[in-house]
Amino acid sequence: MRTHTCGELRLDNVGQEVTLCGWVDMYRDFGGVLFVDLRDRYGKTQVVFAPEGGKELVDAACALRSEFVVLVRGKVAPRPEGTVNPKLDTGAVEVRAEHLEILNKALTPPFQPSAKELPGEDLRLKHRYIDLRRPEMQRTVLLRHRMVKMMRDYFDALGFVEVETPMLGRSTPEGARDYLVPSRVQPGTFYALPQSPQLYKQILMVAGYDRYVQVARCFRDEDLRADRQPEFTQMDVEMSFINAEDIIGIIDGLVARLAKDVLGLEIKLPLPRMSYDEAMNRFGHDAPDLRFGMELIDVSDLAAKAEFKVFRGAVEAGGRVRGINAKGAADRYSRKGIDELTAYIVENFGAKGLVFFKVESDGKLASPSAKNFAPELLAEIGRRMEAAPGDLLLLVADKFETTCKALYGLRKRLGAELKLYDPATMNFSWIVEFPMFAPDTEEGGWTAMHHPFTAPRPQDRKLLETDPQACRAQAYDLVINGYEAGGGTIRIHDQELQQQVFGLLGIDAAKARERFGFLLDALQYGAPPHGGIALGVDRLVMLFAGLDSIRDVIAFPKTQRATDLMTGAPGQVDDKQLRELGIKLPGK
RNA sequence: GGGGGCGUAGCUCAAUUGGUUAGAGUACCGGACUGUCGAUCCGGUGGUUGCGGGUUCGAUUCCCGUCGCCCUCGCCA
């Protein structure tokens with residue numbers, strides 16, 4: 001139908017007879033002459049309806065409204081002097097209309113794609129077809145396409161094979177809550193949508209496809225966040241005959257390629273690495289935002305000597321006293337502001353309170369709590385925290401885990417409030433040497449930090465018997481700007497070791513057989529050493545696009561309550577459908 | 001499940017201590033206008049203040065409940 005798109009006409013095209021198709025973005029009616037900005041995903045072009053084209057044509061153009069779909073034929077002309085629009089790529093030319101067809105009318109849209117003010121997100125989601133017309137959304141959709149293609153090309157060039165794995169699988173109680181799909185053919189039984197293709201990709205390793213990759217849709221029925229959707233996409237990778245270094249090296253190369261091609265950034269390789277313990281000690285979290293400092297400082301040894309019961313008591317109870325130094329922020333936070341920070345960590349992270357000191361011009365630490373400290377001890381705490389006049393010291397006394405959570409939260413919040421970093425900068429790093437196990441708070445014993453197939457570091461294998469908590473895994477997380485952008489492990493391929501780990505996790509032989517017997521079987525038929533990683537595609541695109549919600553990089557996302565405002569999903573189904581599935585709803 | 005924020009015209013927002021007919025910009029409709037590009041000018045339509053209840057002489061405003069959207073803790077091997 002069309003000869004050109006709305007984004008490509010230039011002075012070179014002057015004199016050509018062209019046909020454009022698109023949506024009416026704006027129209028400006030001057031009575032005699034009428035301008036229409038025609039828009040498609042390639043750009044906008046100004047179309048002029050002038051009396052020279054005939055009265056009928058101008059009259060027809062007068063009937064145009066926002067978002068009508070039209071076809072226009074006409075001649076490309078240079079714009080008269082002084083009317084060139086430098087804001088448009090096509091702004092040097094215009095199309096003098098000779099023919100107009102309204103391909104389709106449109107209702108008055110609930111909002112206009114070119115509106116300056118963004119409407120509420122619920123309205124955007126309900127009318128996603130309008131929202132997706134917005135240039136910003138189109139830019140993101142295109143960016144996502146390009147990034148996924150780059151990744152596919154990158155892996156393809158390295159000999160990876162993309163294999164599709166089933167969506168209808170088997171529920172395994174570990175990990176997140178499953179989305180279940182009832183079986184009609186086997187009444188009373190259910191498939192589970194994959195939380196990740198983890199087991200299948202390991203099976204593929206056993207089957208000899210030593211370099212596997214898949215753009216894999218994953219499903220987890222857990223509560224949503226700005227960076228979490230119930231269905232999301234992983235760039236899923238698995239390799240055989242490799243170690244953690246090989247995986248990290250390949251992903252290093254991928255990240256550098258993406259940074260170069262998408263952002264024009266030269267990234268120095270290898271990407272820096274930090275151990276899990278170091279991350280927890282310095283930042284209180286296993287995915288720290290390394291774009292700024294304000295590290296956590298431990299003053300437990302000094303706190304133990306204080307009169308101050310809050311401090312001494314915490315240390316005597318086996319806890320810690322740690323804090324952060326918000327440089328120069330003493331004046332930024334009034335007493336009320338500090339009360340807010342206190343409420344924030346008490347309500348959100350279970351901290352008992354927040355102790356603060358403002359550093360005065362003479363270097364002394366001032367605070368309602370100061371009287372509980374010997375001056376020399378206070379000075380020592382100040383030195384430890386590198387206190388300078390104008391600084392605000394914030395300290396939390398609690399169990400180690402609580403100080404981590406509270407100070408991580410404070411650091412994140414203050415980092416943003418005090419603008420301690422440029423949001424446009426990108427920081428890539430690896431967190432490595434994760435613990436194999438975390439204490440199971442509900443049932444006692446241990447739970448897997450990653451999943452039950454994660455291999456311990458070879459040198460830590462004997463710790464499985466003596467000190468499981470000290471045992472480190474061959475696990476690695478890719479962290480970008482404080483987000484976990486990916487994570488992976490080397491898997492256990494040895495039956496004996498697998499049994500040992502199952503034992504620690506409280507998975508007995510019968511249970512293991514029932515849940516993933518097929519994997520255990522496969523591992524006995526010649527499983528190569530293998531491992532892999534999965535990258536969160538939505539988060540990667542979000543970070544590269546400089547956005548802070550993955551909903552903005554997903555064409556049709558769900559709301560926080562996991563509904564689709566456009567389709568109305570999830571919805572009720574017919575009784576007949578339920579009967580066929582053998583499902584009876586309570587109260588029916 | 002817990003904490004917090006928001007909900008007023010199609011859209012983005014305002015409305016004094018609880019007080020007269022709930023306003024503005026934009027969109028929309030009508031009119032004028034031959035070079036605009038956020039066109040301009042004139043006129044107009046448009047409201048169950050999310051919904052339900054309560055307090056009050058009087059509620060957009062205060063209280064309770066409920067629904068929706070967002071942020072967050074728990075949760076997310």
Side-chain angles (χ1 to χ4, degrees), chain A residues 25-38 44-53 58 65-67 77 79-88 90-91 94 96 107-112 114-127 130 172-178 195-196 198-199 218-230 232 340 343-351 405-406 409 412-413 434 436-438 440-442 446-454 473 475 484 487 489 501 505 507 515-516 536 548-549 551 558-561 563 565:
Chain A
D25 193 65
M26 296 270 203
Y27 56 94
R28 295 174 291 280
D29 183 353
F30 283 78
V33 63
L34 193 138
F35 301 94
V36 171
D37 295 333
L38 203 59
K44 291 181 203 174
T45 299
Q46 173 163 285
V47 180
V48 187
F49 296 88
E52 298 81 68
V58 176
R65 292 295 178 268
S66 286
E67 303 306 307
R79 292 203 189 186
E81 210 175 316
T83 66
V84 168
N85 186 351
K87 288 187 207 161
L88 285 184
T90 61
E94 60 193 13
R96 302 278 169 84
L107 296 175
T108 301
F111 59 95
Q112 296 194 299
S114 324
K116 243 173 47 176
E117 283 168 328
L118 200 60
E121 190 174 8
D122 43 352
L123 197 75
R124 293 172 51 207
L125 291 175
K126 184 173 177 193
H127 303 278
I130 308 283
T172 54
E174 277 77 25
R177 202 174 290 114
D178 284 320
Q195 296 180 24
S196 81
Q198 181 62 37
L199 302 182
C218 306
F219 304 85
R220 294 179 189 175
D221 186 5
E222 298 292 347
D223 284 353
L224 285 72
R225 289 284 190 282
D227 63 347
R228 275 166 32 190
Q229 282 273 303
F232 60 100
E340 274 173 26
Y344 174 64
I345 63 167
V346 169
E347 284 162 18
N348 282 318
F349 308 107
K405 286 179 182 171
K412 194 166 158 182
R413 177 169 167 165
F434 281 80
M436 279 287 284
F437 308 102
D440 188 332
T441 45
E442 281 166 31
W446 305 101
T447 85
M449 195 91 166
H450 276 80
H451 55 69
F453 316 108
T454 301
E484 181 191 330
T489 64
V501 170
L505 295 173
I507 302 173
R515 290 183 191 173
F516 16 75
D548 49 21
S549 165
R551 291 188 300 275
K558 306 261 187 304
T559 66
Q560 189 159 55
R561 293 200 49 238
T563 62
L565 293 181

So what does [X] hit on the nucleic acid, given a heavy-atom distance under 4.0 Å: a base, only sugar-phosphate, or nothing?
{"X": "R79(A)", "result": "base"}
{"X": "A115(A)", "result": "nothing"}
{"X": "K405(A)", "result": "sugar-phosphate"}
{"X": "T563(A)", "result": "sugar-phosphate"}

Return yes if the base of [N] and the side-chain atoms of [X] contain a donor-acceptor N/O pair under 3.5 Å, otherwise no.
{"X": "N348(A)", "N": "rC73(B)", "answer": "no"}
{"X": "R177(A)", "N": "rG74(B)", "answer": "no"}
{"X": "E94(A)", "N": "rG35(B)", "answer": "yes"}
{"X": "R413(A)", "N": "rU72(B)", "answer": "no"}
{"X": "R220(A)", "N": "rC75(B)", "answer": "no"}
{"X": "R228(A)", "N": "rC76(B)", "answer": "yes"}
{"X": "Q112(A)", "N": "rU26(B)", "answer": "no"}

Should [X] and [Y] count as side-chain neighbours, where that means a heavy-atom distance under 4.5 Å?
{"X": "D227(A)", "Y": "E484(A)", "answer": "no"}
{"X": "Q46(A)", "Y": "R28(A)", "answer": "yes"}
{"X": "E174(A)", "Y": "F516(A)", "answer": "yes"}
{"X": "T108(A)", "Y": "R65(A)", "answer": "no"}
{"X": "L565(A)", "Y": "T559(A)", "answer": "yes"}

Suppose you measure atom [atom1] in [N] against the same atom in [M]; what distance do you get, rounded to whole Å?
{"N": "rG7(B)", "M": "rU16(B)", "atom1": "P", "answer": "13 Å"}
{"N": "rC64(B)", "M": "rA9(B)", "atom1": "P", "answer": "24 Å"}
{"N": "rC76(B)", "M": "rA14(B)", "atom1": "C1'", "answer": "41 Å"}
{"N": "rA22(B)", "M": "rG10(B)", "atom1": "P", "answer": "16 Å"}
{"N": "rU21(B)", "M": "rA59(B)", "atom1": "P", "answer": "12 Å"}
{"N": "rU60(B)", "M": "rG23(B)", "atom1": "C1'", "answer": "12 Å"}
{"N": "rA15(B)", "M": "rA24(B)", "atom1": "P", "answer": "15 Å"}
{"N": "rC41(B)", "M": "rC62(B)", "atom1": "P", "answer": "37 Å"}

Please state whether the phosphate of [N], meaning OP1 or OP2, lies under 4.0 angstrom from any side-chain nitrogen or oxygen of [X].
{"X": "S114(A)", "N": "rG38(B)", "value": "no"}
{"X": "Y27(A)", "N": "rG38(B)", "value": "no"}
{"X": "R225(A)", "N": "rC71(B)", "value": "no"}
{"X": "K87(A)", "N": "rG38(B)", "value": "yes"}
{"X": "R28(A)", "N": "rU34(B)", "value": "no"}

Provide, to the nearest angstrom, the distance between the [atom1] atom belonging to [X] and the [atom2] atom belonging to [N].
{"X": "D223(A)", "N": "rC71(B)", "atom1": "CG", "atom2": "P", "answer": "12 Å"}
{"X": "K412(A)", "N": "rC73(B)", "atom1": "NZ", "atom2": "C1'", "answer": "12 Å"}
{"X": "D122(A)", "N": "rC11(B)", "atom1": "CG", "atom2": "C1'", "answer": "12 Å"}
{"X": "D37(A)", "N": "rC37(B)", "atom1": "CG", "atom2": "P", "answer": "11 Å"}

Using heavy atoms to find the nearest nucleotide of RNA chain B for M26(A) and Q46(A) separately, return the residue whose nucleotide is more 5′. Q46(A)
When you match R96(A) and F349(A) each to their closest nucleotide on RNA chain B, which lands nearer the 5' end? R96(A)
Could I get the full list of ring-ring contact (aromatic ring centres under 6.0 Å, His included) partners for F219(A), not counting sequence neighbours? none
Could you tell me which nucleotide pairs with [N] by Watson-Crick or G-U wobble geometry, both distances under 3.5 Å, or answer none if nothing does?
{"N": "rU20(B)", "value": "none"}
{"N": "rG30(B)", "value": "rC42(B)"}
{"N": "rC6(B)", "value": "rG68(B)"}

Rounding to 0.5 Å, atoms CD (Q198(A)) and OG1 (T489(A)) come to a distance of 6.0 Å
Closest listed nucleotide, where the reference is the side chain of [X] and the choices are [options]:
{"X": "F30(A)", "options": "rG68(B), rA39(B), rU12(B)", "value": "rA39(B)"}
{"X": "P119(A)", "options": "rG1(B), rC11(B), rA39(B)", "value": "rC11(B)"}
{"X": "T559(A)", "options": "rC11(B), rC69(B), rC71(B)", "value": "rC69(B)"}
{"X": "Q560(A)", "options": "rG30(B), rA27(B), rC71(B)", "value": "rC71(B)"}

Hey, is F35(A) stacking on rU36(B)? Ring centres under 5.5 Å, planes under 30°. yes
Basic-acidic side-chain contact under 4.0 Å: E222(A), R228(A): no
